[in-house]
Number of protein chains: 2
Amino acid sequence: MGILSARQIKVLQAVIVVYIHSGEPVGSRTLSRSSAFQLSPATLRNVMADLEDEGFLCQPHTSAGRIPTDQGFRFYVNNLAGMAAVSPAARLHVREHLEVVGGRLEEVLHDGVLTLAQLTPYVGVVSMPDFRQMIIRHIRFVKLHERRILAVVVSVSGAVQNVLFDSDTNFSQDQLNHSSNYLNALLGDLTLSGIKRKVLQEMASDKRGYDELFKQVLALSKSFFAKDPEQQSDVMLDGKLNLLEHPEFADVERMKNIFRAFEEKGSILKILDGALGGEQLRVIIGSESCCEDMRHCSLVTAEYGRVDRTLGQIGVIGPTRMDYSRIIPLVNYIADAMSRRLQN
Amino acid sequence: MGILSARQIKVLQAVIVVYIHSGEPVGSRTLSRSSAFQLSPATLRNVMADLEDEGFLCQPHTSAGRIPTDQGFRFYVNNLAGMAAVSPAARLHVREHLEVVGGRLEEVLHDGVLTLAQLTPYVGVVSMPDFRQMIIRHIRFVKLHERRILAVVVSVSGAVQNVLFDSDTNFSQDQLNHSSNYLNALLGDLTLSGIKRKVLQEMASDKRGYDELFKQVLALSKSFFAKDPEQQSDVMLDGKLNLLEHPEFADVERMKNIFRAFEEKGSILKILDGALGGEQLRVIIGSESCCEDMRHCSLVTAEYGRVDRTLGQIGVIGPTRMDYSRIIPLVNYIADAMSRRLQN
DNA sequence: CGCTGGCACTCAAACTAAAAGAGTGCTAAC
DNA sequence: GTTAGCACTCTTTTAGTTTGAGTGCCAGCG
């Protein structure tokens with residue numbers, strides 16, 4: 001037990017390949033006919049029964065064909081799935097729609113999921129970078145009304161976040177400008193919390209002699225950073241309708257579950273960033289996501305970002321019966337394209 | 001024909017009320033028993049047959065009860081539906097979740113749809129104001145990188161829009177600040193296009209003598225306003241899952257259609273803003289929306305905004321079999337609460 | 001010992017038939 | 001104008017039957 005014979009592997013692979021394309025339980029007869037097996041249905045039955053004992057296959061009910069279990073798919077993805085090259089059509093599509101110039105971070109991400117939703121029959125998904133972990137290029141304060149201030153924070157990767165807060169004192173826009181300048185001069189390759197720490201340090205070391213400007217910056221920073229936990233970390237989805245085309249989601253109850261998971265994006269985010277800092281590409285199959293509502297879905301995701309720093313995950317959500325050998329390279333390809341675009 | 005007798009109206013109303021609560025076709029027997037009618041089923045049958053001839057009722061098939069047509073619902077909403085008072089529970093919920101202080105426009109709108117999605121079994125929907133029609137309070141330019149500039153535009157109602165653009169010349173942040181100040185001094189109760197026009201006018205009248213600063217502003221404005229059509233006008237939806245609970249959407253095909261309409265928000269926006277400038281409250285029943293995918297849905301929407309200016313529509317989308325007498329006052333109530341919150 | 005053919009068995013899906021139930025339209029009588 | 005009665009229609013439900021795909025197991029063969 002545990003280790004599979006060469007023949008078992010070959011049968012397992014055949015079952016999975018057929019199942020991925022047909023969506024129906026596959027029986028011994030089908031297998032014996034279609035594939036290049038020289039074995040009789042009876043023999044295949046024996047092999048399949050063994051594979052079932054090992055947990056790679058299962059039957060929806062007695063006397064139906066076998067379908068792969070999550071464990072079966074896992075073995076397939078890890079060991080058997082040959083990776084198809086990204087089709088020329090897909091490359092062209094990416095070149096035209098994704099590999100364009102610039103744009104805000106949000107737009108780039110949107111282009112990414114949109115492309116995935118168009119090139120696959122699944123749902124495109126991307127986790128938006130945690131703003132708190134992004135390196136800040138600019139902070140600028142805009143006086144709105146009395147003590148109400150809008151901080152515009154721009155990261156190196158082009159993400160823009162607006163933070164609304166109230167300051168204790170009533171600064172003029174000129175004062176805010178000066179403070180902005182001061183703060184921007186200070187920051188170099190730091191995240192928001194890094195900046196916060198640095199400002200506090202400068203204050204502690206009080207080598208600045210507490211000049212007027214510095215006091216302003218301090219007061220402002222205090223109010224501003226109090227608001228910091230304004231966390232926009234989020235996921236973006238596109239192509240939810242694609243799922244409706246798959247027979248496995250004709251069941252209304254199952255559909256509801258998945259759409260529920262989509263609506264409260266927190267659970268998806270948890271799955272996406274769950275094993276953060278792991279491999280560059282991840283495949284999460286069915287119950288591996290530990291999310292009950294997503295038990296019948298798989299995720300294929302890849303990291304995207306700049307060379308030095310991962311920003312988030314982009315990929316697709318589809319039924320466990322997913323065309324992994326086509327999707328995995330595609331997700332990789334698109335993550336790469338996005339990363340390149342973010343690089344400038 | 002055309003005009004309905006008192007008895008016909010009474011029957012029509014009874015059919016609709018029963019249907020709204022049961023969701024099943026209602027037959028003459030049910031009606032004769034339940035309601036305060038002193039009429040026999042046979043008589044009711046005659047009346048109902050007449051109502052069907054007039055187009056207010058229809059049968060899913062021979063020998064089923066009658067269900068109201070869109071026209072029937074229309075008559076009900078216009079003439080028969082007694083408006084229920086907003087329940088204390090709903091009032092409390094609104095007070096706690098919607099009638100809070102401040103926040104960006106986007107947050108306010110989000111609170112609005114969320115509240116609707118929680119207080120009704122339908123989908124909350126709000127059309128975001130067309131930024132181009134909003135009165136601008138602030139424009140501020142932030143230098144990002146070389147000639148790449150981020151304009152932060154803030155409206156009086158608290159909407160913030162970031163516009164990314166490239167200027168022809170490489171301004172310093174100080175120059176941008178001065179230009180911002182200049183521009184902000186100029187604008188008073190104007191929309192973006194109003195400002196554009198004004199700047200052009202000032203240029204034409206060249207009474208400024210073409211000083212250095214003004215030239216800057218001009219150059220900047222030219223690049224900035226070139227980007228103007230960056231239209232974010234959009235709709236926000238919440239509570240899509242609610243719809244799945246309704247028996248009328250157990251049919252997968254029908255569900256798909258509606259979710260398709262949700263995904264491409266343009267069509268919804270068209271419906272919402274279609275009869276813009278009309279009544280304060282609108283009810284759109286079934287095919288009246290002229291959107292094939294939404295044929296089985298009704299919308300109840302109300303205008304929201306500041307006293308002097310309508311910003312958009314907020315309301316719900318649900319099955320045509322909607323509890324209008326509860327929903328209409330509720331939507332009104334929530335639109336009011338939102339408008340009040342936006343007022344400050 | 002591995003493979004195969006044969007056979008009995010199981011189970012879901014498809015089909016058929018019959019019955020039940022709800023409701024209608026129509027007509028004749030009140 | 002209203003009603004009771006009746007024949008008719010059509011859906012829904014139930015049950016029973018058949019079909020077909022597939023399995024498990026056993027005995028025999030190389």
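These numbers come from the heavy atoms of this one structure, side chains and all, not from hydrogens, waters or symmetry mates. The sequence lines fix the lettering, A, B, ..., with proteins before strands; numbering per chain opens at 1.
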(Q) Going by the rule salt bridge (charged side-chain N to carboxylate O under 4.0 Å, His left out), which residues pair with A:Glu24 if we only count those two or more places apart in sequence or in a different chain? (A) none
Q | Pair B:Cys297-B:Ile258, side-chain contact (heavy atoms from CB on, under 4.5 Å): steps then yes or no | A | CA-CA 8 Å; B:Cys297 288; B:Ile258 295 165; 3.7 Å; yes
Q. Does B:Leu39 or A:Pro41 map to a spot on DNA chain D nearer the 5' end, using the closest nucleotide for each?
A. B:Leu39
(Q) Counting only side-chain nitrogens and oxygens, does B:Ser40 get under 4.0 Å of the OP1 or OP2 atom of D:dG5? (A) no
Q. What's the CZ-P distance between A:Arg45 and C:dA8, to the nearest Å?
A. 15 Å
Q: Using a heavy-atom cut-off of under 4.0 Å over every strand shown, decide if B:Thr43 touches base, sugar-phosphate, or nothing.
A: base
Q. Rounding to a whole Å, what distance do you find between A:Gln8:CD and C:dG2:C1'?
A. 14 Å
Q: Could you tell me which residues satisfy side-chain hydrogen bond (donor to acceptor under 3.5 Å, both in side chains) with A:Arg260, sequence neighbours excluded, listed by chain and number?
A: A:Asn257
Q: Look at the side-chain N and O atoms of B:Arg7 and state whether any lies under 4.0 Å from the OP1 or OP2 oxygen of D:dT2.
A: yes
Q. Between atom CD in A:Gln59 and atom P in D:dA21, what is the gap in whole Å?
A. 17 Å
Q: Using whole Å, report how far CD of A:Glu24 lies from C1' of D:dG22.
A: 14 Å
Q: List for me each residue that meets side chain to side chain contact (heavy atoms under 4.5 Å, CB included) alongside A:Ala90, sequence neighbours excluded, and say none if there are none.
A: A:Val86, A:Ser87, A:Leu119, A:Leu330
(Q) I'd like to check the side-chain hydrogen bond (donor to acceptor under 3.5 Å, both in side chains) partners of B:Glu292; sequence neighbours left out, ordered by chain and number. (A) B:Arg295
(Q) Test of understanding: with side chain to side chain contact (heavy atoms under 4.5 Å, CB included), list the residues that count as partners of B:Ala42, not counting sequence neighbours. (A) B:Ser40, B:Arg45
**Q.** Partners meeting salt bridge (charged side-chain N to carboxylate O under 4.0 Å, His left out) with A:Arg321 (sequence neighbours left out)
**A.** A:Glu248
Could you go over nucleotides 8-11 of chain D and give all protein N or O partners under 3.5 Å, atom names and distances?
{"from": "D:dT9", "atom 1": "O2", "to": "B:Ser63", "atom 2": "OG", "distance (Å)": "3.0"}
{"from": "D:dC10", "atom 1": "O4'", "to": "B:Ser63", "atom 2": "OG", "distance (Å)": "3.4"}
{"from": "D:dC10", "atom 1": "O2", "to": "B:Ser63", "atom 2": "OG", "distance (Å)": "3.4"}

Q. Under 6.0 Å between the ring centres of B:Tyr76 and B:Phe73?
A. no
Q. In whole angstroms, how far is the P atom of D:dG24 from the CG atom of A:Leu51?
A. 12 Å
Q: Whole angstrom is fine here: how far is it from CG in A:Leu31 over to P in C:dT4?
A: 13 Å
Q: Quick one: closest heavy-atom pair of A:Val11 and A:Val47, and the distance?
A: CG2-CG1, 3.8 Å
Q) So what does B:Ala42 hit on the nucleic acid, given a heavy-atom distance under 4.0 Å: a base, only sugar-phosphate, or nothing? A) base
Q.
Using OP1 and OP2 only, check whether a side-chain N or O of B:Arg66 sits under 4.0 Å from C:dT24.
A. yes
Q) Given D:dA21, is OP1 or OP2 found less than 4.0 Å from the side-chain N or O atoms of A:Thr30? A) no
Below 3.5 Å between N/O atoms, which protein atoms pair up with nucleotides 27-30 of chain C? Just atom names and distances, please.
none

Q. Within this structure, what is the CZ-to-C1' distance between A:Arg29 and D:dG24, rounded to whole angstrom?
A. 15 Å
Q | Between D:dG22 (P) and A:Glu52 (CD): distance, integer Å | A | 15 Å
Q) Under the side chain to side chain contact (heavy atoms under 4.5 Å, CB included) test, which residues partner A:Ala302, sequence neighbours left out? A) A:Gln280, A:Leu281, A:Val331, A:Asn332, A:Ala335
